[in-house]
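The block underneath contains the structure these notes are about, expressed in structure tokens.
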Amino acid sequence: MNNSSYQEASARERLLQLVDAGSFEELIGPAQRVVSPHLGQLNAPVAFDDGVAIGRARLGGMPVFIAAQEGGFMGGAVGEVHGAKLTGLLRRALDERPQAVVLLIESGGVRLHEANAGLIAVAEVMRAVLEARADGIPVIALVGGANGAFGGMGIVARCTNAVIMSEEARLSMSGPEVIETANGVEEFDSRDRALVWRTTGGKHRYLMGDCQAIVPDAIGAFRAAAIEAIAQQSAPELTLQALEQEQAMLTERIARYGALSDPADIWTEMGMPDAANIAMLEIAPFKAAAAGRRAGGQ
């Protein structure tokens, strides 16, 4: 297994080490220099791939479409071209029928430089994810980069069939600084890094049922989990009944845990043993302790 750190790798390093060796065929690569039309007007730096690599590959022998966001370029934020590449890949999947679409998400959300164009781009990505799922093509999200998955891409992640995270990963709709700015430090202290990770990190998301698998920070571990997730998605469906069941689960979750202000209190309420020391557990014993206790009975 490849034990290289997923978090410390660049988008292309993750992508190339995740898929079968030599199988990646890039679409709209840097040589084509399709860059943001907005950043240049603002004298802001551009990237020749606009911060995302997309293409075809094989994963465990299975044909997949894959995309990897580069957190080192504007925090992986989505602009018009960046979003169009993701949307185009997902829509092309409807024609070429890969076994799955794998999204290596690392993004702070929408690129503020591109305002409405970025917001529209993220909305189109969401629609494309749901269209792929509705047409029977699983979409798997991998979250393990230093920038996490926030804003619109946090929502995109939760639109997929399955989310795979590491302990170091973070997933949320709004970032800690955004919440603090909007509602005050009493609501959420963004400087309390331990609180931030307890609230948005992989272990809490796994316990709350917001991600389906948690793995160590190793590219090989993400690869194995992605292969397993694709194999388990034999006939993905988007149905009203499934959405109603999820809504009922969320309603129950709020009723049970809504008055608790710290994730550690939620873990205690769940019956997790030695909840105060969960942050210190390795992934294997953590998963063993979480068995049967996760939100939604997962």
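Keep in mind that the numbers below use all heavy atoms, side chains included, and drop hydrogens, waters and symmetry copies.
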Rounded to the nearest 0.5 Å, what separation is found between the [atom1] atom of [X] and the [atom2] atom of [Y]?
| X | Y | atom1 | atom2 | value |
| --- | --- | --- | --- | --- |
| H113 | L42 | NE2 | CG | 7.0 Å |
| I28 | D50 | CD1 | CG | 10.5 Å |
| I54 | L104 | CD1 | CG | 13.5 Å |
| F73 | F48 | CZ | CZ | 10.5 Å |
| L142 | R223 | CG | CZ | 12.0 Å |
| M173 | T200 | CE | OG1 | 15.0 Å |

>> Show, in sequence, the C-alpha distance, side-chain angles and deciding distance for I137 and F65, and conclude whether the side-chain contact (heavy atoms from CB on, under 4.5 Å) test is met.
In response: CA-CA 10 Å; I137 300 171; F65 278 11; over 6 Å; no
Look at [X] together with [Y] and state whether they make a salt bridge at an N to O cut-off of under 4.0 Å.
| X | Y | answer |
| --- | --- | --- |
| R111 | E114 | yes |
| D210 | R253 | yes |
| D265 | R198 | no |
| R91 | E124 | no |
| D49 | K85 | no |
| R56 | E26 | no |

>> Would S5 and D217 count as a side-chain hydrogen bond (donor to acceptor under 3.5 Å, both in side chains) here? Give the steps.
In response: CA-CA 5 Å; S5 169; D217 177 34; 2.7 Å; yes
>> Between D135 and R97, does the side-chain contact (heavy atoms from CB on, under 4.5 Å) criterion hold? Intermediate values first, please.
In response: CA-CA 9 Å; D135 207 36; R97 314 298 303 177; 2.5 Å; yes
Measure the shortest side-chain to side-chain distance between [X] and [Y] over non-hydrogen atoms and say whether it is less than 4.5 angstrom.
| X | Y | answer |
| --- | --- | --- |
| E131 | L90 | no |
| E180 | D189 | yes |
| K287 | I214 | yes |
| P176 | F150 | yes |
| V143 | E106 | no |
| R293 | L207 | no |
| M126 | V122 | yes |
| R92 | L27 | yes |

>> I'd like to check the side-chain contact (heavy atoms from CB on, under 4.5 Å) partners of Q241; sequence neighbours left out, ordered by chain and number.
In response: T239, Q245
>> Tell me every residue that passes side-chain contact (heavy atoms from CB on, under 4.5 Å) with E228, counting only those two or more places apart in sequence or in another chain.
In response: Q232
Looking at [X] and [Y], would you say the former's side chain and the latter's main chain have a donor-acceptor pair under 3.5 Å?
| X | Y | answer |
| --- | --- | --- |
| D20 | G60 | yes |
| T160 | V156 | no |
| R12 | A9 | no |
| E246 | A242 | no |
| N147 | S107 | no |
| N2 | I219 | no |
| E80 | G118 | no |
| R205 | V163 | no |
| R133 | P138 | no |
| N277 | M280 | no |

>> Walk me through whether I140 and I164 qualify under side-chain contact (heavy atoms from CB on, under 4.5 Å).
In response: CA-CA 8 Å; I140 311 298; I164 300 166; 3.9 Å; yes
Considering residues, nucleotides and ligands other than [X], do more than 12 of their heavy atoms fall under 6.0 Å from its [atom1]?
| X | atom1 | result |
| --- | --- | --- |
| E252 | CD | no |
| L112 | CG | no |
| E177 | CD | yes |
| R191 | CZ | no |
| R256 | CZ | yes |

> Can you list the steps and then say if E70 with V52 is a side-chain contact (heavy atoms from CB on, under 4.5 Å)?
Replying inline: CA-CA 6 Å; E70 178 51 70; V52 63; over 6 Å; no
> Is NZ or CZ of R14 both nearer than 6.0 Å to the six-membered ring centre of Y6 and within 45° of the ring axis?
Replying inline: yes
> Any cation-pi pair here, R294 with Y206, using under 6.0 Å and within 45°?
Replying inline: yes
> Quick one: do the H204 and W197 side chains pair a donor with an acceptor below 3.5 Å?
Replying inline: no
> Are S166 and Q7 close enough that a side-chain donor and a side-chain acceptor fall under 3.5 Å?
Replying inline: no
> In this structure, which one of I66, L15, V19 forms a side-chain contact (heavy atoms from CB on, under 4.5 Å) with V102?
Replying inline: I66
